[in-house]
J.: 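Mind looking over this structure? Questions follow.
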Amino acid sequence: MENAICGQAGSKSKPLVYAENGTMVQDYQDMKRLGHDMKHMKTNTQLLEEGLIPDPVQD
């Protein structure tokens, strides 16, 4: 059952020694997926206009 765990977007996960900790993406496919996801996220202004509460500012 080695590497049975899936990573993001259904790709196989990498062994910990090869993972790039501290980065938002591990490879080009992750970057494309993240860009697509971010394009469809609403801004804080849009959320406020809809009566929703945006994420708090993190210090």
J.: Starting at CG of Leu48, measure out to OG1 of Thr43 and round the result to the nearest 0.5 Å.
T.: 8.5 Å
J.: Does one hydrophobic cluster hold both Met38 and Tyr28, with members joined at side-chain heavy-atom distances below 4.5 Å?
T.: yes
J.: Taking atom CG of Leu52 as the centre, does the number of heavy atoms from other residues, nucleotides or ligands within less than 6.0 Å exceed 12?
T.: yes
J.: To the nearest 0.5 Å, how far apart are CG in Asp27 and CZ in Arg33?
T.: 9.5 Å
J.: Please round to the nearest 0.5 Å and tell me the distance separating atom CD1 of Ile53 and atom CG of Asn44.
T.: 11.5 Å
J.: Just so I know, are the side chains of Glu49 and Thr45 near enough to count as touching, which here means a heavy-atom distance under 4.5 Å?
T.: yes
J.: Is there a donor-acceptor pair under 3.5 Å between the side chain of Glu50 and the backbone N or O of Leu47?
T.: no
